[in-house]
There are 2 protein chains.
Amino acid sequence: MTQPSSTVRELIRQHYSDLTQSERKFANALLENYPAAGLASITIVAGQTGVSTPTIARMVQKLGFKGFPQFHKALLKELQAKVSGPTERRANWATEAPESHLLNRFAKAVTQNLQTTFSNVPSEAFDAAAHLLADTDHTLFIVGGRITHALADYAFTHLQAVRPRVIHLTSSSATWPHYLLDMEKGDTLLMFDIRRYESNLLRLAELARERGVEVVLITDQWSSPVAEIATHSFNCWVEIPSAWDSNVSTLMLLEALISATQEEAWPNTKDRYERLDRLFEQTRLFRKPGGQ
Amino acid sequence: MTQPSSTVRELIRQHYSDLTQSERKFANALLENYPAAGLASITIVAGQTGVSTPTIARMVQKLGFKGFPQFHKALLKELQAKVSGPTERRANWATEAPESHLLNRFAKAVTQNLQTTFSNVPSEAFDAAAHLLADTDHTLFIVGGRITHALADYAFTHLQAVRPRVIHLTSSSATWPHYLLDMEKGDTLLMFDIRRYESNLLRLAELARERGVEVVLITDQWSSPVAEIATHSFNCWVEIPSAWDSNVSTLMLLEALISATQEEAWPNTKDRYERLDRLFEQTRLFRKPGGQ
DNA sequence: CCTGTTCTGAAAAAAATTTTCCACATTGGC
DNA sequence: GCCAATGTGGAAAATTTTTTTCAGAACAGG
């Protein structure tokens, strides 16, 4: 029996791991268009999702409802409570929180940043940079600054899964000379430098350049001084109403780059991914995936 | 025939004078609880209003619908449009690259994720979580998984600037017992766990909980098992057309949380920020900012 | 008080929706 | 590569919903 306190949304999350592929298809559709996507008849709902009616029927039973009508009723009750509850206006995209809530202000700023960042990425440079990152004939070095260290770490984790010969320069610049020693012509250095730009990153870039290393730079909208010597550099809009900078757009660009790199290197990467999966399986560090 | 532009609400106003007493009873009930009161079956709707089914059927025909099902569909469409409405404007924000370019496909997916994530954040839980993170009377522990380690790192770097008593649990779970030793009732543990969920994180959360530690969880749309014991948990939409998951929305939620934390702790934080600035100045690790 | 009109809801008929059953397809293990 | 187990959708059966019909109630006006 469905507990009175739990919303359908919660029920879906609770039972998500029990759901089959087709059932998840509906679950996702519903969560993305909640609750409207579940309020039509089971026939229509199934048609919109692209699955059969029995699939929907089975799924709502898994959630604990006796049948689709009961599920329908539950959704409706939630909708009723929501509308009559606080104030109706959920006009803008956001939570039920008022316009002035930090969440909404934040959403606005971040969206703006993403949009500007995207419309300023030159696609040829992007493709070229992805090509460099996918070049397994040479070594790829990654380095970040004080804040961007975490981004470099993220890039390293993913790129290491995609290709061999990836090296993460630890944040302590004292060790950098050791890495420089191993850099060769044709290697690539992926750098992150957003304000306050760090002088030792500039020094590192200069020395790498002298060795014939290609430098790919991800920086903010004002451009780090490294941009002048980088092979490719990308600007990310980072300003938010706060004392520090947002790295959401930076991460998005990075992920897009990783994705492009992966696409380019796919034939090799696929095998690598599967091996990685098996290794994780063996070390039993991870449970079976909850997701698909 | 129902005009495509007019809402049911408008139709009711237009035809109100044609309606009989019983019909108005339903019209009022619907307007007061719009649109939920009209989205159940005609039988239920009639029952709730205290009139008979033929009355409802006659009325929706007066409004211009062919039958109740068509009326139902119109209401549903309005609801759907309302939710997805203002955000739909993804316009032509993108680079000069063609629609099919990876950059644009990526932008689309990420935007969708951000939007869905945002509209699923419960603002009370958000505020409550920020309150926990800002509580300097207790220690704040931060931990992430294999991929989310970078996010935990990012959170640590920022929160450490905001407040004292922040501890980052290194990714090696072998050392976690040491940290558990120091956890006390009222402390907070900020966790990141996206699929594939890691069983040692669940164990850690359980042990922390036993010690009376508040657990704030940031997870994906399918929810880590930790969610069941967490004090507050937040779902981030992470799916992109790729073999791995995007953490853009995760980072956004994290940054929003940090921002809220900072706002809450500001009187104390301000001084802390200024001291940090002076320290950086002294160690000369950083140049003067290039930005504003 | 009667009559004609309008309104209303019970009940039957019609039209759907939902559920059940079963065969086919797909997946994962050996 | 085969077999068992599981997942999926078509189609019929069961159920519910919607519509229609129609008889009686309410009301206004004479």
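Each chain gets a letter, A, B and so on, in the order its sequence line appears, and its residues count up from 1.
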Once you round it to whole Å, what is the distance between [atom2] of [N] and [atom1] of [X]?
X       : N      : atom1 : atom2 : value
B/Leu39 : D/dT18 : CG    : P     : 12 Å
B/Ile42 : C/dA11 : CD1   : P     : 18 Å
A/Lys73 : D/dT16 : NZ    : C1'   : 12 Å
A/Lys25 : C/dT26 : NZ    : C1'   : 14 Å
A/Lys66 : D/dT16 : NZ    : P     : 8 Å
B/Glu23 : C/dT8  : CD    : P     : 6 Å
B/Met59 : D/dT19 : CE    : P     : 14 Å
B/Phe26 : C/dT8  : CZ    : P     : 14 Å

With the side chain of A/Ser52 defined as its heavy atoms from C-beta on, choose the nearest nucleotide among D/dG9, D/dT18, C/dT19.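 Taking heavy atoms from C-beta onward, the closest nucleotide is D/dG9.
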Closest nucleotide among D/dT18, C/dG9, C/dT20 to the B/Val51 side chain: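 Among D/dT18, C/dG9, C/dT20, the one nearest the side chain of B/Val51 is C/dG9.
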What nucleic acid atoms does B/Thr20 come within less than 4.0 Å of, heavy atoms only: base, sugar-phosphate, or nothing?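 Touches sugar-phosphate only.
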Does a donor on one side chain sit under 3.5 Å from an acceptor on the other, for [X] and [Y]?
X        : Y        : value
A/Glu255 : A/Tyr154 : yes
A/His138 : A/Asp135 : yes
B/Asn235 : B/Ser223 : yes
B/Tyr34  : B/Glu78  : yes

Tell me whether the side-chain N/O atoms of A/Thr55 come closer than 4.0 Å to OP1 or OP2 in D/dG9.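 Yes, A/Thr55 has a side-chain N/O under 4.0 Å of OP1/OP2 on D/dG9.
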Give a yes/no on whether any side-chain N or O of B/Ser22 is located under 4.0 angstrom from OP1 or OP2 of C/dT8.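 The answer is yes; a side-chain N or O of B/Ser22 sits under 4.0 Å from OP1 or OP2.
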Both B/Phe68 and B/Gln21 contact DNA chain D. Taking the nearest nucleotide for each, which residue is further toward the 5' end?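 This one resolves to B/Phe68.
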Return whichever of B/His72 or B/Arg58 has its heavy-atom-nearest nucleotide of DNA chain D closer to the 5' end.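 Nearest-nucleotide comparison on DNA chain D picks B/His72.
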Select from B/Pro54 and B/Pro69 the residue whose nearest nucleotide in DNA chain C is closer to the 5' end of that strand.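 This one resolves to B/Pro54.
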Quick one: sort the B/Phe106 and B/Trp244 rings into parallel, tilted or perpendicular, breaks at 30° and 60°.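 Rings of B/Phe106 and B/Trp244: tilted, 30 to 60°.
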